Number of protein chains: 4
Amino acid sequence: MVHIDKNSSRAYYEQLVLGIKEDILHGILQPGDKIPSVREMAKQLLMNPNTISKAYKVLETEKVLVTVKGKGTFVRAIEETPRDEIRVQELKNDLNELVIEARHLQISQEELVQWIKDAEKSLGGHSS
Amino acid sequence: MVHIDKNSSRAYYEQLVLGIKEDILHGILQPGDKIPSVREMAKQLLMNPNTISKAYKVLETEKVLVTVKGKGTFVRAIEETPRDEIRVQELKNDLNELVIEARHLQISQEELVQWIKDAEKSLGGHSS
Amino acid sequence: MVHIDKNSSRAYYEQLVLGIKEDILHGILQPGDKIPSVREMAKQLLMNPNTISKAYKVLETEKVLVTVKGKGTFVRAIEETPRDEIRVQELKNDLNELVIEARHLQISQEELVQWIKDAEKSLGGHSS
Amino acid sequence: MVHIDKNSSRAYYEQLVLGIKEDILHGILQPGDKIPSVREMAKQLLMNPNTISKAYKVLETEKVLVTVKGKGTFVRAIEETPRDEIRVQELKNDLNELVIEARHLQISQEELVQWIKDAEKSLGGHSS
DNA sequence: GTGGTCTAGACCACC
DNA sequence: GTGGTCTAGACCACG
């Protein structure tokens, strides 16, 4: 499942956050599943437990995971959570910036739309 | 024109880079136009000249601006630059991540596509 | 390895950029190697960390180094990067100007070609 | 003859210096020819006389031109001047740096040599 | 420990 | 006037 690219300029914990989100969308992780403990994940990925812990915390505040004290950390169903309009706005903003970049790289609107469709296809229909 | 949000987590110079790119796509800045000098822009935005300079340099390496020592900094025509496939690939990757985020925020594919169309519309047809 | 000539008219950071490139071609620095940290290099060369940082950043945009925040800066494999035709053109232009200078200094074509062969020889075959 | 590219990042006076050297090698300017006065050249090129003057001064110290007070500025024969070994060394150094750049841009030795031959060919045999 | 950002202020070359 | 370089020193995020 999750794989950390040590040469990426992206922070490890961010790669982990993204990787888990991707696994959920792929259906590799299902709602209710228990994910490995911080220590175990740290062993698997050869990383510092602090880094894993940070990723889990982020995913908790984003309501992707729930930690039950003494039991472990679990995947939450996406539908459980109301759409967070603040983060939606941020994402929309990010997309606007991406479109500006795209135009400067001479990428057409059609191409962008195609990219989205490709991305969605590769994720499969597990969330709909 | 450009406005810097001092509360944004994004670096000032990156906001400036993006703002200038946006102004170009909006047609507010046209190829050949002289943009405000480093010192003047610094005064306008209440920032340090070094920060402005950094933004201008980034835009120069991205072939968006040309700077002539002793004369000033000027807008370059977008068509002058061949598509940089490395950066295109990076952008595609960013978009993939954005799509993952979107799914977790329960944003549909259709909505994303609509956002892109809205973004492109607001930029106008100045580059096509 | 790298040495900065404080009397040179060339900017310190440019000398550093060139020196690192040379070390890579000489095989002193190998792909994957970690280069000294900004602060350490600054100490070694008796320079300001900002200046070192600038050199590293240039080398990163030129795809010679990769930097991972919190970990350090690393040498990238040359073959990873596709040939940048814009920079190739600029270099060709520089060479044209150099040939003009050479003629005025009464340096023959044969001599120039010999210089190139000498230069290549001293760099060794590490990239071929 | 000489043409100044206002968009080039190279200083005007340097472009002029190079342009005149090129014209000499092309045979457009012959030894003994009188070149236009500073004022006239300034008018022709729509530039500041100071800039022209600086270029002429550089060419004088490089022994490419001679100024005879009250008569004007004249082209000198290349052979008149002994080879300036200091500048030859500098040029050799520049070429070394250029070779390093070339290697990083994945340009082969053969290609560089071909470029030199092309450059020499375009200059013609006027100096030999 | 690592690099990234930002400010402040100095000096230089070009126009 | 313009941008470019360099220093000094502060603060932040990542591991």
Side-chain angles (χ1 to χ4, degrees), chain A residues 4 6 8-16 42 45-55 58, chain B residues 4 6 8-16 34-42 45-60 65-74, chain C residues 4 6 8-16 34-42 45-60 65-74, chain D residues 4 6 8-16 42 45-55 58:
Chain A
I4 268 56
K6 299 234 170 193
S8 166
S9 60
R10 186 147 275 171
Y12 291 171
Y13 86 94
E14 281 180 347
Q15 290 184 52
L16 186 50
L45 301 178
L46 302 172
M47 283 165 61
N48 190 311
N50 288 327
T51 308
I52 312 292
S53 181
K54 181 160 188 179
V58 169
Chain B
I4 268 58
K6 299 235 169 189
S8 166
S9 62
R10 191 147 268 171
Y12 295 172
Y13 84 94
E14 281 180 344
Q15 292 184 49
L16 185 49
K34 183 179 182 304
I35 63 172
S37 77
V38 168
R39 289 165 170 88
E40 196 178 314
M41 189 66 104
L45 302 178
L46 302 174
M47 283 164 58
N48 188 292
N50 282 329
T51 307
I52 310 293
S53 184
K54 191 170 185 176
Y56 285 12
K57 267 224 144 175
V58 169
L59 287 165
E60 204 187 356
L65 299 179
V66 204
T67 142
V68 185
K69 268 196 272 187
K71 285 204 63 188
T73 304
F74 303 84
Chain C
I4 268 58
K6 299 235 171 190
S8 165
S9 63
R10 192 148 269 170
Y12 296 170
Y13 84 93
E14 280 180 345
Q15 292 183 50
L16 185 50
K34 183 179 181 303
I35 64 172
S37 78
V38 168
R39 288 165 171 85
E40 196 178 314
M41 188 65 104
L45 302 178
L46 302 173
M47 283 164 57
N48 187 291
N50 282 328
T51 306
I52 311 293
S53 184
K54 191 170 184 176
Y56 285 12
K57 267 223 141 179
V58 169
L59 287 164
E60 206 189 355
L65 300 178
V66 203
T67 143
V68 185
K69 268 195 274 187
K71 286 203 64 189
T73 305
F74 303 85
Chain D
I4 269 55
K6 300 235 168 190
S8 166
S9 60
R10 186 145 275 170
Y12 291 172
Y13 86 95
E14 281 180 345
Q15 291 186 49
L16 186 50
L45 302 177
L46 302 173
M47 285 165 61
N48 190 311
N50 288 329
T51 308
I52 311 292
S53 181
K54 182 161 188 179
V58 169

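Hydrogens, waters and symmetry mates are skipped; everything else that's a heavy atom, side chains included, is used. Fair warning: this is a prediction, and the values are worked out from it, not measured in the lab. By convention in this document, chain letters (A, B, ...) are assigned in the order of the sequence lines, proteins followed by strands, and residues within each chain are numbered from 1.
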Checklist entry - C:L45 and C:I52: which non-hydrogen atoms are nearest, and at how many Å? => result CD1-CD1, 4.2 Å
Next on the checklist: Which nucleotide wins on minimum distance to the side chain of D:K54, given the candidates E:dC14, F:dC14, F:dG3?
Outcome noted: E:dC14
Checklist entry - Between the side-chain atoms of C:R39 and the base atoms of E:dG1, is any donor-acceptor pair under 3.5 Å? => result no
Checklist entry - Relative to the 5' end of DNA chain E, which residue comes earlier, C:T73 or B:Y12, by the nucleotide with the nearest heavy atom? => result C:T73
Next on the checklist: Whether D:K6 contacts E:dC15 is assessed here as follows: a side-chain N or O lying under 4.0 Å from the phosphate OP1 or OP2. Is that the case?
Outcome noted: no
Checklist entry - How close or far is atom P of E:dT5 from atom CD1 of B:I52, stated in whole angstroms? => result 15 Å
Next on the checklist: A side-chain contact here means heavy atoms from C-beta on lying under 4.5 Å apart; do B:M47 and B:K6 qualify?
Outcome noted: yes
Checklist entry - C:K34 has an atom NZ; how far is it from atom P of E:dG1, in whole Å? => result 12 Å
Item to check | Distance in angstrom units between A:N48 CG and E:dG1 P, rounded | outcome: 17 Å
Item to check | Minimum heavy-atom distance between B:K34 and B:G72, given as atom pair plus value | outcome: CE-CA, 4.3 Å
Checklist entry - With a 4.5 Å limit on heavy-atom distance, are the side chains of D:L16 and D:T51 in contact? => result no
Checklist outcome for this item: B:T67 has its side chain closest, among F:dT2, F:dG4, E:dG3, to F:dG4
Item to check | Separation of E:dG1 C1' from C:I35 CD1 (nearest whole Å) | outcome: 16 Å
Checklist outcome for this item: Separation of E:dA13 atom C1' from D:Y13 atom OH, nearest Å, is 8 Å
Item to check | Separation of E:dT7 C1' from B:I4 CD1 (nearest whole Å) | outcome: 16 Å
Checklist entry - DNA chain F: B:K69 or A:A11, which has the more 5' nearest nucleotide? => result B:K69
Item to check | Nearest-angstrom distance from the residue atom CG of C:L65 to C1' of E:dT2 | outcome: 15 Å
Item to check | B:E60 CD to F:dG3 P, straight-line distance once rounded to whole Å | outcome: 11 Å
Checklist entry - Starting at the 5' end of DNA chain E, which residue's closest nucleotide do you reach first, D:T51 or C:G72? => result C:G72
Next on the checklist: Can you tell me which nucleotide in F:dG4, E:dG3, F:dG3 comes closest to the side chain of B:S37?
Outcome noted: F:dG3
Item to check | F:dG3 OP1/OP2 closer than 4.0 Å to side-chain N/O of B:K71 | outcome: no
Item to check | Pairing partner of F:dC14 (Watson-Crick or G-U wobble, both distances under 3.5 Å) | outcome: E:dG1
Checklist entry - What is the nucleic acid contact for C:N50, judged by heavy atoms within less than 4.0 Å: base, sugar-phosphate only, or nothing? => result base
Item to check | Side-chain heavy-atom pair B:V38, B:Y56 within 4.5 angstrom cut-off | outcome: yes
Checklist outcome for this item: Side-chain atoms of C:S53 come closest, of F:dT2, E:dT2, E:dG4, to E:dG4
